[in-house]
*Asks:* 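I have a structure I would like to understand better, so I am pasting it below and will then ask my questions one at a time.
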Amino acid sequence: MATQLFYLLIFPGFLFLSAFGLFAEYADRKIYARMQNRIGPPWFQPLADFIKLLGKETIIPESADRRIFLLMPVFALTAAVTSFLYIPMWDTHALVSFNGDAIVVLYLLTIPTVTFFLGGWSSNSMYSTIGAVRSITQLFAYEVPLFMGILAPSLLAGTWSLSEISAFYNAHSWYWLVNLPGLAIALIAVQGKLEKVPFDIPEAETEIVGGTFTEYSGRLLALLRMALDVEMVVVASLLAAVFLPFGLGYAPITGFIIYLIKVFFIIFLMALVRTVLARLRIEQMVNFCWKYLAPAGLLQLVVCLFVKGVMLQ
Amino acid sequence: MSNVTIPVGPQHPALKEPASFKITINGERIERADVRLGYNHRGVEKACEERNYIQDIYLIERVCGICSHSHSTAFVLAVEEIAAIEVPKRAFYIRTIIAELERIHSHLLWLGVAGHEIGFDTLLMYSWRDREIVMDILNMLTGNRVNYGINTIGGVRRDITPKQAQEILCGIDKLEERTRYYIELATEEVTLINRLSGVGFLSHEDALHLGAIGPTGRGSAVDRDIRRDDPYLSYPELQFKIVTDDHCDVYGRTLVRVGELMESYGMIRQLLQNIPEGPISVKAPRKIPAGRAFSRYEAPRGEDVHYIQANGTDMPERVKLRAPTLANVQSVARMLENSYLADVPIVVASIDPCFSCTDRMISLRTDGPGEKLMSWPELHAFSLDWNRKNRGIDFTNLNKRLIEKKV
Amino acid sequence: MKKTGKMVSEVLKSFMKKPATELYPFVKNPKPAGFRGRIIFHYEKCIGCKLCMRDCPSKAITITKVADKKFEARINLDDCIFCAQCVDNCAKNALESTSDYELAGLSRDSLKTVFNNESVDNVALRPEE
């Protein structure tokens, strides 16, 4: 019981994830800034922002649906933290694992987007409503390519469990190279999940102010931002576990360092994508996802089936 | 979703100045756009009548932060015309150099703003970083980065030394290389083109009909430029071409602006090469003889018009200015029709608006009761009184009382 | 040739380069000669013609006679727009633009400067007590 609680609350649960999330936000912002030839924030900036937001007054709009408005940030954070428990870090074993947890993780990662939608919708402001509608429209566009991109490796491995996927690729080195196109697809699709350029349409600052988060303030906004940070770490770990399954099975310290390098590599790639692209319009985004990204995901599936059916026999 | 009306402004992250756009949307499509100005009336014209000509130069320079040289040059040109002052050629050359440097800094600034409006912050950071080069040149030449204060009636206040000329050329070379890169970027980067082309369409006929000027008009193939059509300063002696584009959308306007940057570099090189020796100013009389003059000036955003009426004293009787945005703001409502909500910021930005420079008060004189001419102190007292009565705010010595309150 | 990610090589180069940002309060950019900053007054040169007062756009400068051929200048730097027209107008070079631009203070009073005989060696830069 005590170890369970330790896992949930301290490592690799809530406390570790929060700290890691804040640090990942710093890394993301710093990389973004340096690519733009700026200096960027100091290392404690995300933490300082978080503490500052905690100390601010939380304003709930009169016309908002109070209960949903209050609950959604907590739900978002909970879902993001929970999904981390199924992802193997430096070992081929996650904390909890069962056949089918890959699907569970993907669905748990969808929950934050849904909570953003509900929170934005229930705050009953014009900007939030439009942001909410945009975020749910976007969900339908990026989710399919993302699923196809991530599930292709599991098809090749022949299992729906993340731990077994990494065990498979660890055993069959070099097969992960087949999945590299899937990594590119997933990298682009997660920009939509994390609401970053080019898919930061739901919170496009110059168009609809704060989008979904316009009416959120104080502690609730802090929780929402923390949820996004944690989601970024979880997504980066997921991509690292599925697409870069090498260097596993070392001693915990070395393994952990390798894991960190992989995660920050993914964060670097995500920052690069958002540095070099302009924000798309929602209809261009949906078009792009269905016209190019989804077929590419399909192709990746076909390639994986081919490799599994022909070469692995 | 049924039709909803979204307020963009008076305060909105996309707008750098207060202006109000009431956008009626259906889903993401815009059904109707309603443009409201008038949040920033500053009474500049009236204030000009209360100051002498020298003071007016500095006041008019502060009409706009970006095209400050445009306004002050248009003003001094009109005054010099009334007073029939023979301005030395070298002064004209220096004014033209500053004018083109100002155009460069304005267009680079616009490029960054446009990038920011479409969520391409990297472009903003890079173009504003490069803009520092031209800002530093202006700082070196005039002693300030924004309000240059180079003009005076009868010439300019500062000369350009050969060493400074060398530094300008050096900076221009760097900027030209960077601008080439931005042209490449604008014509190659797919996400950028997707966000710009086909957006804010303003057909050639509409541009003529709505009186679009400057890069907004030239982006719709309206071949008009005061620098060529009604030359002033040293422009008759320069070789340059007017950049136009027939895309008729935001993309066209972008290409016009980056194209004009390249032309400006060429112009500055010619100016520095041919600059004549001689005095930089002549003594101007303090009292300008009675008369009136009208001057036109191609500011970075379009044609800037000044009208000055002198009555023989050292203060103008009437100063009228029309900033370029006033001529272009009408086209924004047309451009927004049938576009997407996401395009509102970039469409509004595409005319390079400057709402504070634009706001003028028009009083339709009916000669009925309630019409009264007020002097400056009267108006000041009236406004204090009005605020006290109607809003319960006492603005007299507000600052002093605030400090007292704190202590 | 249209392509996505045109800026990749440029941003990766920048990533390795030193940032362009100036570390302002720690590293100060030198101002060019002729920068129009804080205005200072050399009381011994003034002849009291008051040409500077006449053309000041914001009426920030006041010259008063304190004794025979002795003049005092009050410059309200909070009103001043730093056009340096007074410097141009002064026939005796009694006014001068300096390159000092860091004028921020906690009170407006710190910007109301007075220059007179008593402030020897011209450090009337200090605000009025």
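Just so it is clear, the structure is predicted and the values come from calculations on it, not from any experiment. Every chain is numbered from 1, with letters handed out A, B, ... down the list of sequences.
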*Asks:* Quick one: which of C/Cys56, C/Ala33, C/Cys83, C/Ser14 has the most heavy-atom pairs under 4.5 Å with chain B, could you say?
*Replies:*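 With the most close heavy-atom pairs to chain B, the winner is C/Cys83.
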*Asks:* Are any of the side-chain heavy atoms of B/Ile60 and B/His306 separated by less than 4.5 Å?
*Replies:*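 Of all side-chain heavy-atom pairs linking B/His306 with B/Ile60, at least one is under 4.5 Å.
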*Asks:* Under 4.5 Å heavy-atom distance to chain C, tell me which part of B/Tyr53 shows up: side chain, backbone, both or neither.
*Replies:*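 Neither part.
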*Asks:* Pick one of side chain, backbone, both or neither for B/Asn144, based on which atoms fall under 4.5 Å of a heavy atom in chain C.
*Replies:*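 Backbone plus side chain of B/Asn144, per the 4.5 Å heavy-atom cut-off to chain C.
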*Asks:* Pick one of side chain, backbone, both or neither for B/Leu192, based on which atoms fall under 4.5 Å of a heavy atom in chain C.
*Replies:*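 Neither part, no heavy atoms under 4.5 Å.
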*Asks:* Ignoring hydrogens and geometry beyond distance, is a side-chain donor-acceptor pair present between B/Asp249 and B/His247 at under 3.5 Å?
*Replies:*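 Note: B/Asp249 and B/His247 side chains miss the donor-acceptor criterion.
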*Asks:* Quick one: which of B/Leu123, B/Asn139, B/Asp136 has the most heavy-atom pairs under 4.5 Å with chain C, could you say?
*Replies:*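 Among B/Leu123, B/Asn139, B/Asp136, the one with the most close pairs to chain C is B/Asn139.
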*Asks:* Counting only non-hydrogen atoms closer than 4.5 Å, does B/Ile54 touch chain C with its backbone (N, CA, C, O), its side chain (CB onward), both, or neither?
*Replies:*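 Side chain of B/Ile54 only, per the 4.5 Å heavy-atom cut-off to chain C.
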*Asks:* Taking atom types as modelled and ignoring hydrogens, do the side chains of B/Glu189 and B/Thr191 form a donor-acceptor contact shorter than 3.5 angstrom?
*Replies:*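 Yes, a side-chain donor-acceptor pair sits under 3.5 Å.
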*Asks:* If you apply the rule side chain to side chain contact (heavy atoms under 4.5 Å, CB included), what do you find for C/Ile75 with C/Leu95, and how did you get there?
*Replies:* CA-CA 11 Å; C/Ile75 304 177; C/Leu95 285 156; 4.2 Å; yes
*Asks:* As an exercise: rank B/Arg51, B/Arg62, B/Arg129 by heavy-atom pairs under 4.5 Å with chain C and give me the winner.
*Replies:*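 Top count of heavy-atom pairs under 4.5 Å with chain C: B/Arg62.
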*Asks:* Would you call B/Tyr181 and C/Met7 a side-chain contact if the rule is heavy atoms closer than 4.5 Å?
*Replies:*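 Yes; the side chains approach each other to less than 4.5 Å.
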*Asks:* Assess whether atom CD of B/Glu177 is packed by more than 12 heavy atoms of other residues, nucleotides or ligands within 6.0 Å.
*Replies:*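 Atom CD in B/Glu177 is not packed in, count stays at 12 or less.
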*Asks:* Is B/Arg178 close enough and on-axis enough to B/Tyr182, meaning under 6.0 Å and within 45°, for cation-pi?
*Replies:*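 Yes; both conditions hold, so B/Arg178 lies above the ring face of B/Tyr182.
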*Asks:* Check each atom of C/Asp88 against the heavy atoms of chain B and say whether the ones under 4.5 Å are side chain, backbone, both or neither.
*Replies:*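 Answer is side chain: those atoms of C/Asp88 sit under 4.5 Å from chain B.
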*Asks:* What part of C/Pro57 gets within 4.5 angstrom of chain B, counting heavy atoms only: side chain, backbone, both, or neither?
*Replies:*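 For C/Pro57, heavy atoms of backbone and side chain both lie under 4.5 Å from chain B.
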